Number of protein chains: 6
Amino acid sequence: MSNVYIDGPPVDVEVKRMLAKDVTDVVARAYKLPPAAIIVVIRENPAENVAHGGCLLCDARAEMLD
Amino acid sequence: MSNVYIDGPPVDVEVKRMLAKDVTDVVARAYKLPPAAIIVVIRENPAENVAHGGCLLCDARAEMLD
Amino acid sequence: MSNVYIDGPPVDVEVKRMLAKDVTDVVARAYKLPPAAIIVVIRENPAENVAHGGCLLCDARAEMLD
Amino acid sequence: MSNVYIDGPPVDVEVKRMLAKDVTDVVARAYKLPPAAIIVVIRENPAENVAHGGCLLCDARAEMLD
Amino acid sequence: MSNVYIDGPPVDVEVKRMLAKDVTDVVARAYKLPPAAIIVVIRENPAENVAHGGCLLCDARAEMLD
Amino acid sequence: MSNVYIDGPPVDVEVKRMLAKDVTDVVARAYKLPPAAIIVVIRENPAENVAHGGCLLCDARAEMLD
């Protein structure tokens, strides 16, 4: 069994479809497991809920636009 | 202390109430801890954010209806 | 699908067996899912890696013995 | 590298800004890492998705108001 | 930013190297992010800490050998 | 209630004590919660289980020493 959790920005369902397929492929190959043993959970975090270097992503973007 | 995280589909508050009570009961009994030492967090994931075998649950359901 | 993560103290395999079976039963019943759709992951945390109220559990225990 | 996940109630962006800055500061100091090596993810859980002692927080609050 | 957590069985460092590189590649491509924005954390769970269908993986393997 | 999970490198108990106390202080202040409502879990990841930019931390360190 392998569970994969991906934290990233909100995205369209096509991006999720690509993530689900491609991540499952590489994880199945690395662990030599069948794809049916892999679960992928995508967690979409708004930019005001994630910080890098102590600065929320929403604030970092606003600064870049100044 | 024990923290329990449950990833599942979106559900009604009655289901959450049952999950909270029953999971706390069995975890408290297994660890021999008082219920007050158990925290349960329910995470509701939409079907387009979870994949099994490389296929998003929302796509798997659509295929079953074809 | 439902993934359940249980953070708790290190325990014997019998306790894990009980947790696995009983948690799967109650989660399957609440979500109306077959047990095969439930994965349980037990994470054993040493007492020096968990804090309650700002105090590591290993220190809290040492104080209680004083 | 250090990733920090904070589960808490829904809050305003000012609270998130404070959490991001202050948590990054103390984690960077404790690990002797530059702030740029610290990622903070805030997860906002509604009161009906968290239970303490087997009781959902939304039900505990309703009882206190009775 | 994207953080990826992979729960799987204990593996050699070559498998981890492959997981790190390939998962980063597909996640960077899907989100259109530079690889430097991707962190991968591999969590190795012993077979007695994971259950599928209510049965610990270590017990399922023992049964298959009977 | 607030649960905080800190992923970082393996460290001494003094560092964990500092993390537990200081993180609890800033989280309690930000959420206006009593410290007793805060749980901190420290997860120590070996350098071969974490990758940044597709490269395991253990390999990045070896390259820097070349």
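Throughout, a chain's letter reflects where its sequence line sits, starting with A, and its residues are numbered from 1. Quantities reported herein were computed from a predicted structural model and do not represent experimental measurements.
- Between E:Gly53 and C:Thr24 the shortest heavy-atom distance is C-CG2, 3.9 Å.
- The shortest heavy-atom contact between C:Ala20 and E:Leu56 is CB-CD2, 3.7 Å.
- Residues from residues 32-50 of chain E that place a non-hydrogen atom less than 4.5 Å from a non-hydrogen atom of chain C comprise E:Arg43, E:Asn45, E:Glu48, E:Asn49, E:Val50, given in numerical order.
- In this structure, E:Asp59 and C:Arg17 approach most closely via the heavy-atom pair OD2-NE, 2.6 Å.
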